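To start, the structure under review is shown below, and the notes come after it.
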Amino acid sequence: DGGITQSPKYLFRKEGQNVTLSCEQNLNHDAMYWYRQDPGQGLRLIYYSQIVNDFQKGDIAEGYSVSREKKESFPLTVTSAQKNPTAFYLCASSYWPDPPNTGELFFGEGSRLTVL
Amino acid sequence: SQELEQSPQSLIVQEGKNLTINCTSSKTLYGLYWYKQKYGEGLIFLMMLQKGGEEKSHEKITAKLDEKKQQSSLHITASQPSHAGIYLCGARDSGYALNFGKGTSLLVTP
């Protein structure tokens, strides 16, 4: 079955450590996205990628890094520079929003990162 | 930049009652997406509206985009415990990513 797989689902790290969250999709989507979700804040865009080897910063990119070496994969690294990394992270992918595609995002199940 | 305001922030309804969630945009909407999220899980796509006055239904959930394309409503008829969760509206601004509202948390009581 096609879908988006995020791993790990839960992750605990000590302050000052970098962590990498995995996101893989087999939907043949061109675009991939990373969002962060905090209670009462909704979803905020961290990074997105429209094509392999290219990505753009979202609203809250500071302290995060990404790579897009393969169409299927878009890993997110939470660096030690991120001041408040404890959050729920959601990865998504989509086709271009060009007709007949409606461009909806398909989401993974999320990764919950807790920094101790 | 585009802002999406959802109301109410949270809602508690008795099973069987109807309810409405609103999403208002600071700019004209060229595509409005509704999602549902169960607590601690990913978002599930419900439906997308594009044209002014457009209305779509899926099971007991109906969404409508107003003629001016700046407001959308999501209506649930005869709510059930399975409808509980967070409902989010999303829309594209100038790029390919979706901006989202802060969500409406729905609890359905027996």
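In what follows, every chain begins at residue 1, and chains take the letters A, B, ... in the order their sequences are listed. Predicted, not measured: the structure shown is a model, and the values here were computed from it.
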*Could you look at B:Gln6 and say if it's the side chain, the backbone, both or neither that has a heavy atom under 4.5 Å from chain A?*
neither
*How long is the gap from OG on A:Ser94 to CZ on B:Phe45, to the nearest 0.5 Å?*
11.5 Å
*Please look at A:Leu90 and chain B and tell me whether the side chain, the backbone, both or neither of the residue comes under 4.5 angstrom of a heavy atom of that chain.*
side chain
*For B:Lys38, look at atom NZ and say whether over 12 heavy atoms of other residues, nucleotides or ligands are found less than 6.0 Å away.*
no
*How about B:Tyr39: does its OH atom have over 12 heavy atoms from other parts shown lying under 6.0 Å from it?*
yes
_Exceeds 12 heavy-atom contacts within 6.0 angstrom, atom CD of B:Glu15_ = yes
_Give me the atom names and distance for the closest heavy-atom approach of B:Ala97 to A:Tyr33._
CA-CE2, 3.5 Å
_Region of A:Gln50 in contact with chain B, defined by heavy-atom distances below 4.5 Å_ = side chain
*Relative to chain B, which segment of A:Gln56 carries a heavy atom at a distance below 4.5 Å: side chain, backbone, both, or neither?*
neither
*Has A:Lys71 got more than 12 heavy atoms of other residues, nucleotides or ligands less than 6.0 Å from its NZ?*
yes
*Hey, could you give me the CZ/CG distance between A:Arg44 and B:Asn99, rounded to the nearest 0.5 Å?*
13.0 Å
*asked:* In this structure, would A:Phe107 and A:Tyr48 fall into the same cluster of hydrophobic residues linked by side-chain contacts under 4.5 Å?
replied: yes
*Evaluate whether atom CD of A:Glu62 has more than 12 neighbouring non-hydrogen atoms of other residues, nucleotides or ligands under 6.0 angstrom away.*
no
_Euclidean distance, B:Tyr35 OH relative to A:Leu43 CG, rounded to 0.5 Å_ = 10.0 Å
*Say you draw a straight line from CG of A:Leu105 to CZ of B:Arg92; how long is it, rounded to the nearest 0.5 Å?*
6.0 Å
*Should the heavy atoms of other residues, nucleotides or ligands under 6.0 Å from CD1 of B:Ile12 be counted, would the total exceed 12?*
no
*Tell me whether B:Tyr33 is reachable from B:Ile86 by hopping between hydrophobic residues (I, L, V, M, F, W, Y) whose side-chain heavy atoms are closer than 4.5 Å.*
yes
*Which atom of B:Gln37 lies closest to which atom of A:Phe88, heavy atoms considered*: NE2-CE2, 3.8 Å
*Any idea which of A:Gln37, A:Arg112, A:Gln41 has the most non-hydrogen atom pairs under 4.5 angstrom with chain B?*
A:Gln37
_If you count heavy-atom pairs within less than 4.5 Å of chain A, which of B:Ile44, B:Leu88, B:Leu98 leads?_
B:Leu98
